Amino acid sequence: MRRVSAVCHCLFYLSTENLLVPSSRLTLICHARTVAQKLARFPTDEPVENLAVPSDALRARLAVTRRLVCAPELRTQQTAAWFGVDAQIDQALRDCDWGRWHGQSIKDLQANENQALQAWLADPEAAPHGGESVRQLTQRVSMWLDSIAETPGHVVAVTHPFVMRAALMQVLQGAAFHAIDIEPLAMIDLRFNGIWRLRLPGMALDEEF
């Protein structure tokens, strides 16, 4: 009986200790819409389409006690400015390197390089554009997630659809990279407390619409 009691006490201590470990929170935000997105083109360093956005409403969606970071591209810096003026540029959040596909439309690639496009869609190791493969992107994002997990607190990161896809693949341990669509200004909330978890926040019933 004493041995059972001691084991139960030890398990309780361990579970309590885990609860006391500060957790990390990561909110990923996709940059605002660009003309390249509307035209289904691989991006360049274009600006966002519309700068007239109610920034106060966007800031209200996030906690005050957070660290704001963003990718180095113009569109992510412009979007981050709507959430605050203290955004730090993080090179690890940069968009995928599209090589010679920068600025190319999906329609043109289907007509002129369809075989290469299909190879890129099917094989995460493929980089027919001469830039960064999906595998290389996910490895980069995985290393960045590890650094966030080691830092307790709330980090808000304004980045790109493909970076957000890569982060989800790491959290969910999935392989359906191209089956995820990230809309402009979409938010993903991730929590780390020993393991990464995807958190889908609900909506208060007394919220005004």
Side-chain angles (χ1 to χ4, degrees), residues 22-34 36-38 40-43 48 58 61-63 66-73 75-77 79-80 82-83 87-99 101 106 117-127 129 131-203:
S23 62
S24 301
R25 177 184 177 187
L26 171 62
T27 300
L28 294 168
I29 302 175
C30 180
H31 64 74
R33 190 179 303 278
T34 67
Q37 286 177 309
K38 289 179 65 174
R41 291 181 176 273
F42 283 94
V48 300
L58 293 175
R61 298 176 63 181
L62 299 173
R66 79 313 185 246
R67 180 163 62 95
L68 181 64
V69 298
C70 71
E73 291 83 3
R75 57 193 179 277
T76 47
Q77 292 191 56
T79 305
W82 298 339
F83 293 91
Q88 298 176 337
I89 294 176
D90 192 327
Q91 292 292 332
L93 292 170
R94 67 189 183 276
D95 202 1
C96 187
D97 180 1
W98 303 113
W101 285 359
I106 298 297
L117 179 62
Q118 296 307 316
W120 173 73
L121 289 170
D123 182 4
E125 302 282 355
H129 44 60
E132 195 174 22
S133 69
V134 169
R135 183 75 71 203
Q136 290 171 324
L137 172 65
T138 55
Q139 289 172 346
R140 164 160 59 93
V141 174
S142 176
M143 293 176 62
W144 181 75
L145 283 174
D146 288 343
S147 70
I148 296 298
E150 295 172 357
T151 307
H154 186 190
V155 175
V156 177
V158 181
T159 185
H160 306 275
F162 270 68
V163 173
M164 294 172 71
R165 288 188 191 183
L168 278 178
M169 290 297 94
Q170 295 301 309
V171 173
L172 302 178
Q173 296 297 302
F177 185 90
H178 293 294
I180 300 173
D181 291 328
I182 307 290
E183 291 291 316
L185 295 178
M187 290 188 183
I188 296 174
D189 204 23
L190 305 176
R191 306 295 178 97
F192 184 86
N193 192 357
I195 62 170
W196 280 107
R197 298 181 67 88
L198 170 63
R199 182 173 181 270
L200 300 176
M203 181 179 294

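This structure is a prediction, so every number in the text was calculated from the model and none was measured.
- With a 4.5 Å cut-off on side-chain heavy atoms, P161 and E183 do not count as touching.
- Between E132 and Q139, the closest side-chain pair of non-hydrogen atoms is not below 4.5 Å.
- Side-chain contact between P43 and D95 is present, with at least one heavy-atom pair separated by less than 4.5 Å.
- Note: L168 CG to I188 CD1 = 4.0 Å, rounded to the nearest 0.5 Å.
- Taking CZ from R135 and CE from M169, the interatomic distance works out to 11.5 Å, rounded to the nearest 0.5 Å.
- Looking at every heavy atom in both residues, D97 comes nearest to H129 through O-CE1, 3.6 Å.
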Check step by step if side chain to side chain contact (heavy atoms under 4.5 Å, CB included) holds for Q170 and W196.
-> CA-CA 9 Å; Q170 295 301 309; W196 280 107; over 6 Å; no
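- When side chains are defined from C-beta on, F192 does not count as touching I148, because their heavy atoms never get closer than 4.5 Å.
- With hydrogens and angles ignored, the 3.5 Å screen pairs no side-chain donor or acceptor of T159 with any backbone N or O of A71.
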What's the verdict on side chain to side chain contact (heavy atoms under 4.5 Å, CB included) for F83 and T27, showing C-alpha distance, side-chain angles and the deciding distance?
-> CA-CA 12 Å; F83 293 91; T27 300; over 6 Å; no
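- Between atom CE of residue M164 and atom CG of residue L28 there is a gap of 5.0 Å, rounded to the nearest 0.5 Å.
- What you find for A157 and L93 is that their closest heavy atoms are CB-CD1, 3.9 Å.
- Between W101 and F42, the ring planes lie tilted relative to each other; the angle falls in the 30° to 60° range.
- Atoms CD and CG, on E150 and L145 in that order, are 11.5 Å from each other to the nearest 0.5 Å.
- Using a 4.5 Å heavy-atom cutoff, the side chains of V69 and I89 are not in contact.
- When all heavy atoms are compared, the tightest approach of H178 to L121 is CD2-O, 3.2 Å.
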Begin with the C-alpha distance, continue with both residues' side-chain angles, and end with the deciding distance and a verdict on side chain to side chain contact (heavy atoms under 4.5 Å, CB included) for W144 and V163.
-> CA-CA 11 Å; W144 181 75; V163 173; 5.9 Å; no
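- The two residues A32 and T79 come nearest to each other via the heavy atoms N-OG1, 3.0 Å.
- Separating the OG1 atom in T76 from the CZ atom in R94 is a distance of 12.5 Å, to the nearest 0.5 Å.
- With 3.5 Å as the limit, one finds a donor-acceptor pair spanning the side chains of H160 and E73.
- Taking all atoms of both residues into account, the shortest heavy-atom contact from A80 to C70 is CB-CB, 3.8 Å.
- Within the 4.5 Å cutoff, side-chain heavy atoms of V48 are placed close to those of W82.
- Under the 3.5 Å distance criterion, the side-chain polar atoms of R140 are matched with a main-chain donor or acceptor of A92.
- When all heavy atoms of V141 and A166 are compared, the pair lying nearest together is CG2-CB, 3.8 Å.
- Each of K38, R75, R33 was checked for a side-chain contact (heavy atoms from CB on, under 4.5 Å) with P184, and the lone residue meeting it is R33.
- Here the side chains of R41 and W98 are not in contact, with every heavy-atom distance at 4.5 Å or above.
- Of the inter-residue distances, the one linking R165 atom CZ with C30 atom SG reads 10.0 Å to the nearest 0.5 angstrom.
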